[in-house]
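Here is the naming used below: chain letters follow the sequence lines, and residue numbers restart at 1 for every chain.
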Amino acid sequence: MPHDSMIHSNQPSAADSPFDVADEVDEAALAAVMRHVPLGAGVLAGAAVALLVLGYLLSYLLVFIPRGTVG
Amino acid sequence: MSERQPEMHERRILGTELLWAFGVGVLIAATLSMIVFTALTMGINPPSNVERVDPKMLHLSGEFAEHNLGTSVAADGSVTARVIATQFMFVPRCIAVPQGRPVTLRFAAPDVIHGILITGTNVNTMVVPGFVAQVHTQFTRSGDLLMPCHEYCGLGHSEMWATVQVLPEGAFQPDREGRVSCAQR
Amino acid sequence: MSDPRISDPHVLDQPWRIWASIVVIGILLFGVALGVLIIPVVQGRSAGIDMYTAICRALGILPGSPAQPQPATVSPPTPVSKVVWTPEVLQILARGNTERGRAKVLEVCVACHGEQGVSVVPDYPNLNGQSGAAIYKQLHDYRTGSRANPLMTGIANALEEPTIADVAAYYAGQPKRNPNPASLGELPEAIVRLVELGDPNRNIPPCAACHRPGSGGPIETPILSEQGRDYLAQQLRMYASGERRNDVYARMRVIAAKLTPGEIDGLSRYYSAGFR
Amino acid sequence: MRNVERLCLAHFWVAFAAFLVASLLGAWQMWVRSPLGANIGTPSQYFLSVTAHGVAMAYVLTTFFIMGFGYFVAVTALARPLPGKAWAWGAFWLAIAGVVMAVVTILTGQASVLFTFYPPLTASPWFYIGLVLVVIGSWVWCVLMLVAMQAWKRENPGRPVPLAMFATVANAVMWLWTTVGVAVELLFQVIPAAFGLIQTIDVGLARTLFSWTLHAIVYFWLIPAYIAFYTMVPRAAGGRLYSDTLGRLTFILFLVYSLPVGMHHLLMDPEHGNGTKFIQVLLTAFVSVPTLLTIFTITASLEIAGRLRGGRGLFGWIAALPWERPMVLATGLSFVMLGFGGFGGLINMGYGMNAMVHNTSWVTAHFHLIFGGSVVIMYFAIAYEIWPRLTGHEYPSLKALRLQLWLWFIGMMVMTVPWHWLGLQGQWRRVANFNYADPIIAGWGPWVIVSLAGGLVLLASSLLFIGNLFALHRSAAIAVARPLYALAVHPPQRVPAALNGFGLWNVLVLVLMLVAYGWPIAQFAIEPSPAAIVHRVQ
C-alpha cells in the first residue's frame, strides 16, 4: 500500500449512502435491537440528568439561600 | 426492506428525540423558574449597580476619598461600608458590619480591575474602575471573615485581602459621626 | 438530481425557517420581558421603587438595584494628594523637554540633587533614572502642600507645570549607575523574601510588585533601585509614623507601619545597593 | 496527499508540544501554591507561568488541534482534495510566528497579564499581536473549511454534507462570529494602549467585548469532542449513530446559542444592569440543550452497539461495549466528567447563585473538568484514532493508551473535586501563594495537597500520552485501513437546506446578538464610562 494514499484510499466518505459503503452492522440485527433502543439509554441519561438537577436544587436550597440574600 | 420502513423508523427516532427534548425543556423551565421565583420573592439579583465614577478622581473628593472610607450609619439607621480596592490593598483593611441588619457595601477601584468575595457568604462582586460596585446583603453569623481580592490585579494580587468583622448588635456601636471601626483584638 | 426522492431543499426548508425563527425569537422575547419588565417591576414594588426607575435600573440607565434603595452619599473631605493621572497630565509629562529640564536643573536643583541626579547629601533622594511620573507627583504634592519640606515647598511653588515635566523628563533620562551588589555585604534572605514574595502572614505585598520597573503597579510608584539608604529609611519611618501622608490611599503608610526597624534598614540597604 | 498528512501532523505536534509544556507548568503552579511549596517561586514567576499555561492550553493546543483536525475531516469526510493547501501552510506559519512572539514576550516577563488580559493592565504589544496572528491563521482555516464545503456541495447537489464536515464548518462559522469581540477589544483598545498611543481604557467596554468571545471560544474548543461523539464513537463501538438529524441540530444549536450568552461571565460586574444580565442567563440555559441532546443521542448510539454485541436487559448493553478501544473508553470517561462539570456549570449560570462561586476555585474546577477533562480526553482519543491513518504505523499495544486515558480521568477528578469544595469555602483564584497561617485558610491545606496529587497524576498522563505517540512513530506494525466515520441508523438521503448550511442560522445569530449585546455595548457609546489609566506590565 503506498504510504501517501493513506488518508484517502480506504476511507469511505460519511456522505456515501449505505448502498455504497457497508459497515459491519447487519441490517436485520439492527432492526431487532432498534426495538429496544433507546430504553436503556433513556433511563441512564435521564437518571444522570435528574441527579444533576437535584444537585442544583439542593445547592440552591441548602447552601445558597442560607448564606444570605444579595441583590 | 421496503421503501417506507426506514421513513417510519426515522420518524420514530425523531419522535423519541423530541420526547427527550421535551424533558430537557421541562428541566430548564424548572431551574429558570427557581431563579425567577427567588428574584421575585427575595429580591435576589447579581450585583448590577451601573453607577459611573471617575477612577482618576476618586481620591480627591466624594465618598471614596480616604477620610470617608469605612463603615458609617446614616441618620435613618441604614449601614453603608465604603471600601477602596487598590493595588494591592483594601482601604480600610478591616471592615466592621452589624449582624442581622441590612448592609450596603460599596466598592471602587482607582487603578485596575479588582474583585471581592467574603468567605462563607454570597457577597461577591467585581470592582471595575469606572464604576461603583455595590452589594446589598445581611450577615447572618458574627465573627471574622476573609475578604480577598479575587481578580488578578498585578503581581501583588496574592497579598491583597481585608477582614470583615461581623459584630453582634450590642457590639456594633457608631461614634458621634456615625462611624464604626473594627474592634482591636 | 434525477433521483425523485431528492426534493428541492428549499421547499423542505420553509417550515424550518418559520419554526426555528419563532422558537429562537420567542425565547429571546420571553427573556426580555422577564428580565427588564416583570422582575424589576415586581422587585421595585416590594422595595418601594417606582416602575420607571426599576426598569431603568434593570437596563443600567439609572444606578442601583431594582430591589434595593440607593444609599445617600457623604460630605467631601480634604484629599491627601491632588495629583490626578489624566491623559492630559500624562501628555504633559510625555512632552517634557530634557534640554529645558537640564537648564532648570542647573539653575535650581543641582545644588542638592546633582547634575546627574546623584544627591550630594545622604538625606536627599537620588533622582537619576527615577520615573518621571514619580518626580512630577512629588513636586506637585509640594506645591499643593500635600507633602511638606522647608526647602522643597518653596522651590516647587516657583516651578510651572510644564517646567516640572521638563525637570522630571531630564532626571528620568539620567543613567542609573551600575548596580554593585558587592557593596551590599551580607544579604539577608528575609529581606529578599520581603522584596520578592512579601509577607502573606502580615498582609504585606512584595515590594517588587510595585517598585520594580515594569511591574504594572500604580503610576506614581517611584523606582527604588540606587536610592540613598538614609533617605529611604527616613521616608519609611515617616510613613510609619504618619508624618508623611501624601501616599494615595495610605498604600505606604500601612505597609511601612508593619515593617520592623531591622526590615526598614535591610530594605534600604537592599535598594541603595542597586538591586531592583 | 502526503502534504495533507504532513499538514495535519504539523498542527497536531505543535498543539501537543504546547500541551506538554503547559502540563508541566500547571503541576509546578499547584505545587508552589500548596502548603508544601511555601516560599518557593516568586509571584513574578508564578504569574508568568499562569500566563504561559493559559496561552499554551487555551490558545495553542486548541487552535492548532482544531485546525489540524479540520483539515483531516475536510479531506476524509468529503473524500476530495483540500482546496488552498498553500494557504493552509501559510496560515500555519503565520500562527507559528504569532506563537513565537507571544512566547518570547511571556518568557521575558513582559506579558504577565494572564491569557484573559485584564486591561487596564497591559503587556508588551507584541504579546497581543502574536495572539492576533494566531487568530488570523485560524480565520484562514475557517475560510478554507467553508470553501471545501461549498466545493463539495457544488459537486454533489442535493446531497447532505457529511455530518463531520457540517459540524466542522459550524465551528468555523461560529469562530468567525466569536473572534469579533476580542479582535475589536485588542485592535481598538488594548494594542493602541500597549503601544502608548492612548493612555486610558474604557474598562467596562473592554470586559464586555471580551465576554462576547469568552463563552463561544469554549465551544470552539469543545466541538471537536462532539464531532468525535457523533461521527467516530458509534463506529468505534461497533454500532450506528442513533440520529443524524439530531447531530446536525446539536451543532446548529451550538452556533446559535454559544454566542449571545457571554455576559454570564460578567454576572458579578457593575457595568451592566441585571435585566440585560437576565436575558443572557436565560439564553445560557438554552446552550445546555445541545449537550443534553448529545448525552441522550450518543448513549442511545452506544446502546445500539452494546445490544448488537449481545448485551441484553436495561443496562446489559453497557458491559457488552468494547471498552478496550480507546475511543469508547475515552467517551465513557468524558461523559462522567461532563456530568460533574455540567453540575458545576448549572450553578455558575444561576443568576444570583453565581455569587456563591464567582472567581473561586469552583470555576477553575469547572472549566478544567469540562475542557481539560471531557474535551481534552477526546482530543487524546481523536489523536489515537487518526495517528495510524496519518503515519501508516500501528500501536504496539493499546494497553498504554488505556492506562493514559484512565490516568487523565483519575487525575482530573482528584484535582477538581477538592477545588469545587474549596471554591464553596471561598478559596479565590489566581493566587501565587496562600497564607496558611490564617485559621480559615489553614483548613484548606489538606484539600490543596489532595488536588496537587491529582495534578501530578495528570502530568504523568501527559508524559505517557506523548510517549504513546512516539512509540507509534517507532512501531514496526503497519496500520490496517479501517473505516472511521459512523453511519446513522438511517443515513440521510436528503435534508432541508436549514440542516445543510448556515444561512438561516447566521440571521438568527445576528438577531440574538443585536438584542443580547446591542444595548450592553451601545450604552458605552451613549454614556462612556470614565476611563482608567493604562498600567503597563512590560
Proximal component of C/Leu59, with respect to chain D [non-hydrogen, under 4.5 Å]: both
Heavy-atom contact with chain D under 4.5 Å, split by part of C/Arg57: backbone
Pairs of heavy atoms under 4.5 Å with chain C: top-ranked of D/Phe278, D/Tyr351, D/Phe286: D/Phe278
Residues 435-442 of chain D: residues contacting chain C (heavy atom under 4.5 Å, by number): D/Asn435, D/Ala437
Any donor-acceptor N/O pair, C/Trp85 side chain to D/Ile533 backbone, under 3.5 Å: no
Residues of residues 37-45 of chain C with any heavy atom under 4.5 Å of a heavy atom in chain D: C/Ile39, C/Gln43
Just so I understand: if I count every heavy-atom pair under 4.5 Å between each of [options] and chain D, which residue has the most?
options: C/Pro206, C/Ala209, C/Pro66; result: C/Pro66
options: C/Ile25, C/Leu197, C/Asp199, C/Leu62; result: C/Leu197
options: C/Gly60, C/Pro200, C/Cys56; result: C/Pro200

Sole candidate of D/Leu504, D/Val511, D/Leu508, D/Val509 that passes side-chain contact (heavy atoms from CB on, under 4.5 Å) when paired with C/Val24: D/Leu508
Close side-chain approach of C/Arg212 and D/Ser44, heavy atoms under 4.5 Å: yes
D/Val537 side chain near C/Ser215 side chain, heavy-atom distance below 4.5 Å: no
